[in-house]
2 protein chains.
Amino acid sequence: MTPSRQSWREIRERIHEQILSGRYAPGDKLPRDADLAEEMDCARSTVQRAMQDLSDAGIIERRRKGGTRVRPDPVTRAVLDIPITRHEVEAKGGQYGYQLIDQQTGPAPRQIQARLEQVSPREMLRVEALHLSDGHPYMYEDRWVSLDTSPEIRDVDLTRQSANEWLVLHKPYTRFELRFYAETADARLADLLGTEAGAALFVIERTTWIEDAPITTVKAVTAPGYQLITRT
Amino acid sequence: MTPSRQSWREIRERIHEQILSGRYAPGDKLPRDADLAEEMDCARSTVQRAMQDLSDAGIIERRRKGGTRVRPDPVTRAVLDIPITRHEVEAKGGQYGYQLIDQQTGPAPRQIQARLEQVSPREMLRVEALHLSDGHPYMYEDRWVSLDTSPEIRDVDLTRQSANEWLVLHKPYTRFELRFYAETADARLADLLGTEAGAALFVIERTTWIEDAPITTVKAVTAPGYQLITRT
DNA sequence: TGACAAAATATGTAGCTACATAATAATGAT
DNA sequence: ATCATTATTATGTAGCTACATATTTTGTCA
């Protein structure tokens with residue numbers, strides 16, 4: 001007998017459709033993999049792969065011995081890619097530009113220490129810079145870099161290459177945190193981003209660690225009109 | 001000989017560490033799966049699983065025949081779960097509340113049609129509502145629902161259950177788009193959210209489809225202070 | 001030289017077996 | 001009855017083989 005050679009994606013879709021159709025409602029238990037495999041005429045390993053993917057997508061929940069059930073509290077699960085800012089600008093078709101505003105070393109303020117989950121105050125590098133697209137302000141970044149984990153950055157010419165790019169390429173991280181929120185532009189920020197004080201600005205805050213050691217934290221304030229978009 | 005029975009996660013970590021250590025830099029080519037399998041004394045299928053996961057995480061790129069290489073343009077890849085608003089409030093320890101502001105049917109304006117990628121104007125349901133946490137405004141939502149794909153919503157009492165919750169539980173989607181941005185509060189929005197006109201507000205826009213048929217689009221304006229957070 | 005066809009090759013997938021692991025359910029002793 | 005122990009069971013993982021698929025590379029011919 002010739003095996004039907006169906007892709008696990010096909011099996012996933014068939015299971016997903018049964019969920020969409022209401023045959024299995026949120027909270028309902030699905031048959032065990034082995035039974036579904038027989039029903040759909042494929043190997044258990046194929047069902048396993050399909051189920052894993054549905055689980056990763058937040059559609060079902062699986063527990064050993066407990067079986068598989070449709071998630072009772074569905075979530076919209078999105079995958080968000082934050083690229084290097086230069087790549088982001090170029091991907092949108094803009095001519096990338098970059099300006100170093102200021103850089104200095106010193107102890108980090110308490111607020112920054114807290115963000116980095118750092119107990120004792122350490123000497124850090126602070127970098128303020130502006131990313132441009134076609135000559136217009138695109139994003140202002142206010143960054144703190146740990147000189148403990150990235151001492152090499154002392155020797156990098158940050159007037160030529162952004163700390164963003166250097167860090168992403170040379171300092172891989174094992175853990176990070178992202179925060180998104182809105183902020184009102186003060187006079188200085190408005191001036192830097194070419195807008196009026198009081199404008200609503202979209203902010204992306206990102207902090208990275210390698211294991212438990214903080215690498216950097218950055219507050220990226222985007223110019224008016226910026227939107228972060230993600231699709232399935 | 002007894003196989004070492006190592007988890008594919010362990011293999012993934014070993015490969016990841018070699019990337020972190022700089023043995024393989026961004027853009028560099030990795031050995032083929034079979035060779036890595038021999039080097040790490042495991043089956044090719046185990047390496048395959050580890051590599052797939054690293055690929056999903058945006059760390060490496062794989063191409064048939066072309067082989068595997070470290071992504072030359074590293075990205076920060078985050079997984080974002082947007083729960084039902086009631087669950088979100090309750091998870092934060094708040095007492096959830098909900099108020100329907102207004103609901104009416106009619107043709108959608110051009111702007112909404114465009115968001116839904118809808119060609120011809122259709123009759124839709126518009127729902128304005130307020131989500132509360134401990135009695136305080138938490139989120140204002142301005143929603144349009146397709147009566148073509150969700151005619152049942154005509155019979156739902158939206159003063160008791162939010163359209164958000166009803167839709168998520170009863171109208172699964174196959175595709176969606178998310179947009180995040182900042183907006184300035186006008187007088188009405190400020191009044192609804194208990195703030196001053198001119199305040200910077202964080203907005204989440206979400207549109208869902210089942211195949212190509214639009215289900216709903218919602219503009220969720222969060223109260224001041226709201227942050228969207230995601231960690232690894 | 002250039003275009004096109006054929007061969008080679010690395011990853012992707014299906015199916016199988018055997019065993020591991022985590023829960024739950026059943027059992028037995030006190 | 002209660003608690004601890006043991007069996008049961010559904011998913012998770014490792015390893016193997018065979019084959020599929022997408023590219024790149026090579027080879028051939030005009």
Side-chain angles (χ1 to χ4, degrees), chain A residues 1-19 23-72 79, chain B residues 1-19 23-72 79:
Chain A
M1 169 211 151
T2 166
S4 29
R5 290 255 149 221
Q6 25 194 359
S7 151
W8 62 269
R9 294 163 197 280
E10 203 177 310
I11 299 294
R12 181 194 59 193
E13 282 322 302
R14 285 174 64 185
I15 299 171
H16 194 188
E17 269 161 31
Q18 297 200 331
I19 295 173
R23 173 167 174 184
Y24 304 111
D28 281 6
K29 198 165 167 185
L30 273 72
R32 35 193 276 254
D33 293 9
D35 292 342
L36 272 176
E38 196 179 2
E39 182 186 326
M40 302 200 166
D41 190 33
C42 66
R44 178 165 84 88
S45 52
T46 307
V47 173
Q48 157 78 14
R49 234 170 304 183
M51 289 294 223
Q52 259 311 322
D53 199 66
L54 288 170
S55 178
D56 287 346
I59 294 168
I60 59 174
E61 283 174 337
R62 280 164 78 74
R63 303 176 59 179
R64 279 174 161 147
K65 163 85 183 175
T68 305
R69 53 187 63 226
V70 181
R71 260 187 94 118
V79 175
Chain B
M1 168 209 153
T2 165
S4 28
R5 290 253 149 222
Q6 25 194 357
S7 149
W8 61 269
R9 294 164 197 279
E10 204 178 309
I11 298 294
R12 181 194 58 193
E13 282 322 303
R14 285 173 64 185
I15 298 171
H16 193 189
E17 269 161 31
Q18 296 199 331
I19 295 173
R23 173 165 172 185
Y24 302 111
D28 281 6
K29 199 165 169 185
L30 273 72
R32 34 194 278 254
D33 294 8
D35 292 341
L36 273 177
E38 196 179 2
E39 182 185 326
M40 302 198 167
D41 189 33
C42 66
R44 177 165 86 88
S45 53
T46 307
V47 172
Q48 158 77 15
R49 232 170 305 184
M51 290 295 223
Q52 258 312 322
D53 199 66
L54 287 170
S55 178
D56 288 346
I59 294 168
I60 59 174
E61 283 174 336
R62 281 164 78 73
R63 302 177 60 180
R64 278 173 161 148
K65 163 82 184 181
T68 306
R69 55 187 62 227
V70 181
R71 257 187 96 118
V79 175

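Lettering of chains follows the sequences in order, A, B, ..., and the numbering in each one begins at 1. Computed from a predicted structure; not experimentally measured. Worth knowing before you read on, the calculation uses all heavy atoms, side chains too, and leaves out hydrogens, waters and symmetry mates.
B:D53 places its CG atom 13 Å from the P atom of C:dG12, with the value rounded to the nearest Å. The CD-P distance, from B:E61 to D:dA22, rounds to 18 Å in whole Å. Nucleotide D:dT11 holds its P atom 13 Å from the CG atom of A:L54, rounded to whole Å. Here C:dG12 presents its P atom at 16 Å from CZ of A:R12, a figure rounded to the nearest Å. Taking atom CE on A:M51 and atom P on D:dA10, their separation rounds to 13 Å, with Å as the unit. Counting to the nearest Å, the P atom of D:dA20 and the CG atom of B:D33 are 20 Å from each other. Rounded to an integer number of Å, the gap from NZ of B:K29 to P of D:dT24 is 10 Å. Distance CD (B:Q52) to P (D:dT13): 15 Å, rounded to an integer number of Å.
Under the side-chain contact (heavy atoms from CB on, under 4.5 Å) criterion, A:P72 pairs with A:E61, sequence neighbours left out.
The side chain of B:R63 sits closest to D:dT23 out of D:dT23, D:dT11, C:dT13.
Taking 4.0 angstrom as the limit, B:S45 places none of its side-chain polar atoms (N or O) nearer than this to OP1 or OP2 of D:dG15. A:Q48 has a side-chain polar atom (N or O) that falls below the 4.0 Å cut-off from OP1 or OP2 of D:dG12.
Between B:R44 and B:R49, it is B:R49 whose nearest contact on DNA chain D lies nearer the 5' terminus. A residue-by-residue look at A:K65 and B:L30 shows that B:L30 has its nearest nucleotide of DNA chain C further toward the 5' end. Comparing B:R32 and A:T46 against DNA chain C, the residue whose closest nucleotide sits nearer the 5' end is B:R32.
B:G67 comes within 4.0 angstrom of the backbone, heavy atoms only, and of no base.
B:P26 approaches B:R71 most closely through the heavy-atom pair CB-O, 3.6 Å. The nearest pair of heavy atoms linking B:I15 to B:M40 is CG1-CE, 3.8 Å.
Side-chain to base pairing of A:R64 with C:dT21: one donor and one acceptor N or O lie within less than 3.5 Å of each other.
Put simply, the side chain of B:H16 reaches to within 4.5 Å of the side chain of B:E13, judged on heavy atoms.
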Practice task
I would like to know whether B:R12 and B:I59 meet side chain to side chain contact (heavy atoms under 4.5 Å, CB included); could you show each step before the answer?
Solution key: CA-CA 11 Å; B:R12 181 194 58 193; B:I59 294 168; over 6 Å; no

